[in-house]
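So the structure is just underneath, and the comments pick up after that.
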Amino acid sequence: MELKELYQEIILDHGKNPRNKGKCEGFTNDAKAHNTLCGDKVHIYLKLNKDKKIEDLSFEGEGCAISLASASILTETVKGKDLSFITRVSDDFINMIKNKKKITINSLTPDQMTTITSLSGVQEFPMRVKCATMAWHTLMSAIETK
Amino acid sequence: MELKELYQEIILDHGKNPRNKGKCEGFTNDAKAHNTLCGDKVHIYLKLNKDKKIEDLSFEGEGCAISLASASILTETVKGKDLSFITRVSDDFINMIKNKKKITINSLTPDQMTTITSLSGVQEFPMRVKCATMAWHTLMSAIETK
Amino acid sequence: MEIKNIKKEFPIFKQKINGKPLVYLDSANSSQKPKVVIDKISNFYETEFSNVGRSVHTLAVKATNRFEAVRDKVKQYINAKHREEIIFTKGATEGINLVASSFGKKYINKGDEILVTELEHHSNYVPWHYLRSEKGAVIKFAQVNSDGDVEIDEIKKQITNKTKIIAITHISNVTGAVLPIAKIVDLAKERNIPVLIDGTQGAPHSHIDMQKIGCDFYAISCHKMYGPNGLGILYMKKKWVDDLPPYQGGGGMIDEVKQDSITFAEEHTKFEAGTMQTAEVVSFAEALNFIEKIGIKNIASHENEVLEYGLEKLRKNNSVNIIGSPKNRGSVLCFTIKDIHPHDIATILDDDGVAIRAGHHCCQILHDKLGIAATARASIGVYNNKEDMDIFSESIKNCQKVFQV
Amino acid sequence: MEIKNIKKEFPIFKQKINGKPLVYLDSANSSQKPKVVIDKISNFYETEFSNVGRSVHTLAVKATNRFEAVRDKVKQYINAKHREEIIFTKGATEGINLVASSFGKKYINKGDEILVTELEHHSNYVPWHYLRSEKGAVIKFAQVNSDGDVEIDEIKKQITNKTKIIAITHISNVTGAVLPIAKIVDLAKERNIPVLIDGTQGAPHSHIDMQKIGCDFYAISCHKMYGPNGLGILYMKKKWVDDLPPYQGGGGMIDEVKQDSITFAEEHTKFEAGTMQTAEVVSFAEALNFIEKIGIKNIASHENEVLEYGLEKLRKNNSVNIIGSPKNRGSVLCFTIKDIHPHDIATILDDDGVAIRAGHHCCQILHDKLGIAATARASIGVYNNKEDMDIFSESIKNCQKVFQV
Ligand SMILES: Cc1ncc(COP(=O)(O)O)c(C=O)c1O
Ligand SMILES: Cc1ncc(COP(=O)(O)O)c(C=O)c1O
């Protein structure tokens, strides 16, 4: 049943107990987005260090389980990573949701892989695609600001 | 055949050789109208005397055979008449065209009757009703101005 | 026509959604269309189509007569005094924009006040906002009370001698509050302030009589009244039709056009630029016939019964929070469920074939006031029944199951 | 699909007019609709209807996807660069009003010049007139020459360094002149002047490619392209989509709405306030499919052949005066007959089943210039053929008989 695919245990957990919520200390970049259709909001804060690594990041947001889980999973996935990894994983993620593609990046741990693919059920719910991708697009905007 | 009803000999004649065309001398009242749909225009000039009779009247106008004939026939019908006659004949005429009613006024000569009812074919051509009635409405406006 | 069997008149209900019967609870968004309306559109295009008011050939004459007959029909339906008070628009949104633009141009200056309520749909706020940002007008908001109503005293309080127009909704598309519009109009008349009613939610669910309401403008969306997309009606009192400048410019609304000057047509024509939505207008007559056959009062009381039944069910569910408890409720039911976002509710309900809407329903100001970013909304049409409410309330329990709350 | 048998695709031709086959020569006014388009409308309302872009239930998702797919289809059809350059409007008239209003607000000030031509339809003049009367802008008219053409040199002559925008028709709906729009755009680009093309008559009869034309705005009426009533398309170059302020205010076009401020959505959304014409948009895709199946170039050359054949016949009639002899003629043929008013011509032709239009065709300025109050117009669509032209030209002789001229 598709609905169970969409609302998997992992997603419900991240939706209810989002990780890295709030405004992280000493952030260097931030960006926000707003889904005018449903009112979902996300604001991402991150601390880029000299090596172009995300030393710390966090988010503030309101929204549905999918959008909160997506933001929460995002923060877990990219924390401590460098920009080239982040770009790849973010592309992969968006491709998975939008174009039903497989995740190709191979530097994810099995755990991370399970977590990130838990969102793949969104593929079947076109009106929810934006809920899942918004945080990831916002991450990229945050990186581009300075 | 309805078309022949519409374009009777009398109408074609009045359309081609409209009577009382131009601006009559010493006019006391005038009014004009414009059918924006087809560009028909009419301008009626009249000279009201103290007895509330139309001593003289004329019209300027551009338009289709129906509208020119109607204006021409109008001038012939009401010239020299008093306002109460004019109001009645005008109501009758508009009622004939719009509501397919008979002419009820009994002070018309048989000739005038034939002439005025020559326009009754317009009843069957709803888009042409305005062509036939415009001059008559304008006559009433002209009388109301001073 | 019997309401009991009315679903049969709507072809959409023949299909299944996710294998389940469609329970359509999104009529405040747009209503479904009865077969008579759909058939009229095809029939018109197939046998009578022509552009109206511009040519004199047979098809054009027929189409024009049909089209103009609908104006008469609408006039009679809403009890307007004159046919030229009926202006065809693209929708309620365009109707309100038309008034804000034409009225604003002539009568709104810096410092003038426009009075709206916190219940307004963006369509009845953004057009006035333009006058604020372009002309320095002031927008005042009559506050919503804790029941989700706007009281007449609150309106009274907000009126000043700078108030140039009052623009209020007939029925809120969120709290369902039915505003006392006739009383508000009376109040406004004492001070010579014109009133615009956003009748988008009012017209499909209540008997509307322009003489009884007495308002200056009343905007309608036909697609929420079982009519076609892309059509609205703006009722505008004769004195304003004669007085206000035109809106969009184009064919059909002019009198004389020269290289250095233009004069405009009179009556409704002045506000109807360009080719009109002929098929839409013609088919809307069938929507009105449909409503008349059942009777708008019967529709309203049926909808009310269904709504009350649904409300009763939801009230028994402790996790459900119903938004607003207005004195009179139109056929709208907004709610939230503890710990489940409305967006998720809508997705889970859809899986059960239940179509609702989630979001701010184009009422951000009201949602801000409520302190909620989004709500779920079930809205009722003539085709809904108690069974629909049973399925709906079961489906809500299903949400709680999925989310384990 | 074969043009030879194409009348069969249009249900309207099944009927008789005054006992005679319908010869429809009023396509420049509005085209008839093929069965595929009509069926799509009913089918959509019967099985898929929902409001778009607002709800997340199955019907809404399907409808939204269909709707947005049409935007992509239009983008591809007119070869726009970005899908957000496609704005759905009520018609060409609304499209031009939108540009005049939004562009005018930001860029037109007192003394600024707007360059149009004497060929323009009121839709491409009245909206600019508003800027003249409200802002003190100046409207300049590029003159039409004795052939009914507007030459590129005439445009060049009228451009000054105060020219802020050029707004010209693609094909005249009276003389049929096809203007050298790509060259005019090149000329304008040298001076950084944006160009709006009124493509109402251009789009149904020619291959339109936004990259080749290079214009900033191109306005289309779908009902003249075998599509439904009540729908238009405005192509707007991305830079203007991003730059210009919104037009009508309402649902769907906002970003954030507060009591003291509003921010607007981006892309095409900013210009699409209120509920969209979902069924109309969805069915317009079928109109484009229909055109593509035949090929717009085949349509154009077929229409041209029919037109030339008709022109040839009329030229042989000494009482007939053909309006204009442009270098390239679109599918429009305006004429007068000595001593018979166009209005009478239209009535008599109608009696023979021939539907034409008479009047000034919303081009009073051009008619003033021609010194004629009204003309008769036959305009061609894909469904016309040489036989139609035979009947048409015989019917003209009938006019002469009735009028004994
Ligand atoms: C050249 C031209 N421009 C604009 C228009 C206006 O189009 P619409 O009435 O569909 O908005 C027309 C058609 O009437 C036209 O022929
Ligand atoms: C209260 C209210 N006003 C205005 C509107 C706008 O109507 P439309 O989008 O049909 O123009 C709506 C519907 O969305 C509404 O519910």
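Every heavy atom of this structure was used, including side-chain atoms; hydrogens, water molecules and symmetry mates were not. Here is the naming used below: chain letters follow the sequence lines, and residue numbers restart at 1 for every chain.
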Contact origin within D:I356 toward chain C - heavy atom pairs under 4.5 Å: backbone

Residue C:S133 versus chain D: region with a heavy atom under 4.5 Å: neither

Quiz item: cation-pi between D:K105 and C:Y130, 6.0 Å / 45°: yes

Parallel, tilted or perpendicular: rings of D:H361 and D:H367 (30°, 60°): tilted

Which atoms of D:I254 approach chain C - backbone, side chain, both or neither, heavy atom under 4.5 Å: side chain

Part of D:I262 within contact of chain C (heavy atom distance under 4.5 Å): both

Proximal component of D:E134, with respect to chain C [non-hydrogen, under 4.5 Å]: side chain

Near-ring test D:H122/D:H360, centroid separation under 6.0 angstrom: yes

Residue C:K369 versus chain D: region with a heavy atom under 4.5 Å: neither

Contact class of D:M276 relative to chain C, heavy atoms under 4.5 angstrom: backbone

Structural part of C:N97 lying under 4.5 Å from a heavy atom of chain D: side chain

Closest-packed option against chain C by number of heavy-atom pairs under 4.5 Å, given D:C362, D:A355, D:G274: D:A355

Contact origin within D:E118 toward chain C - heavy atom pairs under 4.5 Å: side chain

Chain D contact via C:I12 - side chain, backbone, both or neither, heavy atoms under 4.5 Å: both

Per-residue contact mode, C:Y247 against chain D (heavy atom under 4.5 angstrom): both

Side chain, backbone, both or neither of D:P245 within contact of chain C (heavy atoms, under 4.5 Å): neither

Per-residue contact mode, D:F141 against chain C (heavy atom under 4.5 angstrom): side chain

Part of D:F13 lying under 4.5 Å from any heavy atom of chain C: neither

